[in-house]
Amino acid sequence: MTADQVRERGGMQLHPVARVESSLRDLADAPRQGDEGAPDAWVVFDESVRAALADVRPGDELILVSWFDRADRSVQKVHPRSDPGRPPTGVFSTRSPDRPNPLGLHRVTVLAVDDLRLQVNNLEALDGTPIVDVKPVIGDISDR
């Protein structure tokens, strides 16, 4: 189905471009944010996006967009940071993985590139989490 056909039908299509390989297997073991003790992990890309990955280098800062495939999509309010002492807050004001469309944003630094694999730091996503897009972190306007 083409992008125009999807738009005409009022739908969306997402396809994973990569999957996470991480020592994090259980949600209870995952830090709330990447900079709170997340292990280094590998992001393994599909052969179909090889050309899109061609210019990524060690040291690059990226935003990985993940699909939290184990999220509860019915959740609309949470106690921030799972602290019952904090008032329930709409998920659009939090970084909770449980939300109607469970997209995750992960700022990482590329540590190594091995063919279709990127080793990255600060990735709190669980092993097997689909990655649906990658964007560079943009700096000063002069760097663009």
Side-chain angles (χ1 to χ4, degrees), residues 1-83 86 89-144:
M1 185 178 299
T2 69
D4 286 337
Q5 290 169 323
V6 171
R7 276 192 296 277
E8 286 170 12
R9 294 180 183 178
M12 294 176 49
Q13 285 186 336
L14 285 177
H15 302 283
V17 296
R19 296 231 180 241
V20 174
E21 285 186 357
S22 173
S23 60
L24 295 173
R25 306 250 191 296
D26 190 287
L27 191 56
D29 298 330
R32 299 210 187 297
Q33 297 297 320
D35 62 359
E36 295 177 352
D40 294 349
W42 288 92
V43 181
V44 181
F45 287 81
D46 189 83
E47 177 66 40
S48 67
V49 296
R50 179 180 289 279
L53 189 62
D55 301 300
V56 176
R57 303 281 181 258
D60 287 354
E61 288 187 292
L62 303 174
I63 301 292
L64 302 180
V65 181
S66 67
W67 182 263
F68 288 132
D69 57 327
R70 287 154 267 196
D72 182 343
R73 296 183 73 177
S74 68
V75 172
Q76 292 194 22
K77 286 195 166 206
V78 296
H79 292 280
R81 301 189 68 78
S82 300
D83 178 355
R86 296 173 81 173
T89 304
V91 295
F92 295 158
S93 296
T94 76
R95 297 287 301 247
S96 172
D98 295 320
R99 54 197 321 110
N101 287 310
L103 294 170
L105 301 176
H106 314 272
R107 184 174 180 159
V108 300
T109 300
V110 177
L111 304 174
V113 177
D114 179 19
D115 195 36
L116 291 171
R117 297 165 40 94
L118 301 181
Q119 185 181 34
V120 299
N121 70 352
N122 293 339
L123 183 55
E124 78 279 17
L126 299 177
D127 186 63
T129 298
I131 301 297
V132 296
D133 203 4
V134 178
K135 305 274 188 188
V137 172
I138 56 175
D140 230 26
I141 198 164
S142 62
D143 295 336
R144 299 178 203 162

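Between I63 and the options V108, V137, I138, a side-chain contact (heavy atoms from CB on, under 4.5 Å) holds for only V137. When each of D115, L118, V134 is checked for a side-chain contact (heavy atoms from CB on, under 4.5 Å) with L53, only L118 meets the rule.
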task: Determine, step by step, whether L123 and V43 satisfy the side chain to side chain contact (heavy atoms under 4.5 Å, CB included) criterion, reporting the C-alpha distance in whole Å, the side-chain angles of both residues, the deciding distance to 0.1 Å, and the verdict.
output: CA-CA 10 Å; L123 183 55; V43 181; 4.0 Å; yes
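Under a cut-off of 6.0 angstrom, the local environment of CD in Q76 is sparse, with at most 12 non-hydrogen atoms contributed by other residues, nucleotides or ligands.
The two residues V20 and A41 make their nearest non-hydrogen contact at CG1-CB, 4.4 Å. Smallest separation of non-hydrogen atoms from H106 and S66: NE2-OG, 2.7 Å. In plain terms, the two heavy atoms of P100 and V75 that are nearest each other are CD-O, 3.7 Å. Here the closest heavy-atom approach between residue D98 and residue A71 is recorded as OD1-CA, 3.4 Å. Residues P58 and L111 approach most closely at CB-O, 3.8 Å, considering heavy atoms. Minimum heavy-atom separation, V91 to K77: CG1-N, 4.0 Å.
The closest side-chain heavy-atom distance from S96 to T89 is not below 4.5 Å. Residues R99 and V78 have side chains not in contact (no heavy-atom distance under 4.5 Å, counting atoms from C-beta outward). N101 places a side-chain heavy atom less than 4.5 Å from the side chain of R73. Proximity of V17 to I131: side-chain heavy atoms (C-beta onward) are separated by under 4.5 Å at one or more points. Residues Q119 and D40 meet the side-chain proximity criterion, which asks for heavy atoms closer than 4.5 Å. Between N122 and R107, the closest side-chain pair of non-hydrogen atoms is not below 4.5 Å. Counting heavy atoms from C-beta outward, L126 and S22 have side chains that stay 4.5 Å or more apart. By the 4.5 Å heavy-atom criterion applied to side chains, V110 and R57 are not counted as neighbours.
Screening residues 107-130 for ring pair (Phe, Tyr, Trp, His ring centres under 6.0 Å), with sequence neighbours left out, gives no hits.
Rounding to the nearest 0.5 Å places OG1 of T129 at 11.0 Å from CG of L64.
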